[in-house]
Protein chains: 2
Amino acid sequence: MTTRRPYHHGDLRAALLTHARRALEEKGPGGLSLRELARELGVSPGAPSRHFASKNALLDALALEGFEDLRALLAAAQHEAGASLADRLTALSYAYLDFAAASPALLDLMYSVKYDPTASPELAAASQQLPAFAARLIEDGQHRGEVREGPADEIGLPVMAAIHGYVALTVAGGIPADIVERGLKDTVAFALRGCAP
Amino acid sequence: MTTRRPYHHGDLRAALLTHARRALEEKGPGGLSLRELARELGVSPGAPSRHFASKNALLDALALEGFEDLRALLAAAQHEAGASLADRLTALSYAYLDFAAASPALLDLMYSVKYDPTASPELAAASQQLPAFAARLIEDGQHRGEVREGPADEIGLPVMAAIHGYVALTVAGGIPADIVERGLKDTVAFALRGCAP
DNA sequence: ACCTGAACACCGTTCAAGT
DNA sequence: ACCTGAACACCGTTCAAGT
């Protein structure tokens, strides 16, 4: 009457993603091991390959998940916030920094150079979502008279670059820990100044 | 009368760094292999460990080299350029983008999350050089009356964040290739606007 | 001081075979 | 359809021994 592991895991794919995300944050993409994941899930070393063709494919899937989470987070911040551009940009920035603080390795992975030419086109598309998001933000600001005239993408791109750049620098240790929040506020204020009519 | 490899390589450390840098750009940090480097240099598998305690230590040394190269490049751009803030910021931005285009994987490595707690303090210091650089740029601009009053680091940090962020997005494929230069110009113009008195 | 060469404990990936 | 289990060709790292 031994309770044996069922032959089928149930949802190995989802379990792999969950465990991989934790491993990524703890040990980085280099330290993440498919065999170790398989061991944790009580499954044979070759089992993951049925769901992800390679370690790189698993990392790509993680990055894609990250982009989806980030998009949801940024969208939520937009709706919660007050209607003014300042409020919305502030909410967006904090949401972005929170995401980065919670999942630094994932953010790093999302915006890292891809060496695998097999990388999915969905991932490439997802990594270009930030500029589009910024353009919509700016358009709204223009309708409200808070942003100067001009192409929305031309104004939005630098805004997003500033926020992304600041968060990226923070995650990489380029900003001393004690001035992180101060710097974010400065960056948002600077961006608002650049948008002003 | 066989010409044998000399027992000592001569300058294995430097040779490892050179070959590692090429391998990094071709295959990424995960694809870089110490054993393969040793093979290329006609040296035994254990030889690299005399010069770099681990693969991570070699990557850290590469990143440090990258920061030195970047600093030299940015400094040179400052001196070559005309004296106006617009010229200097433009020159700096192009120099930064050129560096990123020539060594995308290296830039990625320089600003990637470090998982090794053994990471050198020099590397940590080097990754914080950008804000200091920006502050000096802004101070000069203030003396010339091209930049509004205020703490130079408070103004300089967002400027550097915008340029770094734009370059980082470009390297990661977040900016469509055909609008890369246009976007850089927009970002510089936006930054100048944020600095204006 | 610097490197060899063998050993150790791992990897990712593949694939016939099992359920 | 999904997984096993063994095999293959690699890794990084360590360390006695050689020069």
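Letters A, B, ... mirror the listed sequences (proteins, then strands); counts begin at 1. This is a predicted model, so every value here is computed, not measured.
The side chain of B:K55 lies closest to D:dG12 when the candidates are C:dC3, C:dT13, D:dG12. The side chain of A:H51 lies closest to D:dC3, out of C:dC3, C:dC11, D:dC3. Closest to the B:S44 side chain, of the nucleotides C:dT14, D:dG12, C:dT4, is C:dT4. Comparing D:dT4, D:dT13, D:dT14 against the side chain of B:L34 picks out D:dT13 as the nearest.
Within a 6.0 Å sphere centred on CZ of A:R148, heavy atoms belonging to other residues, nucleotides or ligands number more than 12. A:R182 CZ: 12 or fewer foreign heavy atoms inside a 6.0 Å radius.
Defined by atom type and a distance below 3.5 Å, a donor-acceptor pair is present between the side-chain atoms of B:H164 and B:Y96.
Nucleotide D:dG12 holds its P atom 17 Å from the NZ atom of A:K27, rounded to whole Å. In this structure, the CG atom of A:L59 is 12 Å from the C1' atom of C:dG12, given to the nearest Å. Whole-Å rounding puts the B:L16 CG to C:dC3 C1' distance at 12 Å. In this entry the distance linking CZ of B:R50 with C1' of D:dT13 reads 12 Å, nearest Å. Atom CG of B:D11 and atom C1' of C:dA1 are 14 Å apart (whole Å). Atoms CZ (A:F52) and P (D:dC3) sit 12 Å apart, rounded to a whole Å.
At a threshold of 4.0 angstrom between heavy atoms, the contacts of A:S33 are confined to the sugar-phosphate backbone, with no base atom among them. Counting any heavy atom pair closer than 4.0 Å across all strands shown, B:R39 reaches sugar-phosphate atoms only and no base atom. At the heavy-atom level, A:P45 lies under 4.0 Å from base atoms of the strands shown. Among the atoms of the strands shown, only primed sugar atoms or phosphate atoms (P, OP1, OP2) are found under 4.0 Å from some heavy atom of B:L32.
Note that CD of B:E68 is 5.0 Å distant from CG of B:L64, once rounded to the nearest 0.5 Å. We find the NE2-CG distance between B:H51 and B:D11 to be 8.0 Å, quoted to the nearest 0.5 Å.
Ion pairing between A:R21 and A:E25 fails under the 4.0 Å rule for side-chain N and carboxylate O.
Of the residues near DNA chain C, B:G46 and A:E36, the one whose nearest nucleotide (by heavy atom distance) lies more toward the 5' end is B:G46.
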Watson-Crick or G-U pairs under 3.5 Å in DNA chain D, rendered as dot-bracket with [ ] for crossing pairs and | for another strand: ||.|||||...|||||.||
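Among residues two or more places apart in sequence or in another chain, the salt bridge (Lys or Arg N to Asp or Glu O under 4.0 Å) test is passed with B:E122 by none.
The base of D:dT13 is paired with the side chain of B:R35 by a donor and an acceptor separated by under 3.5 Å.
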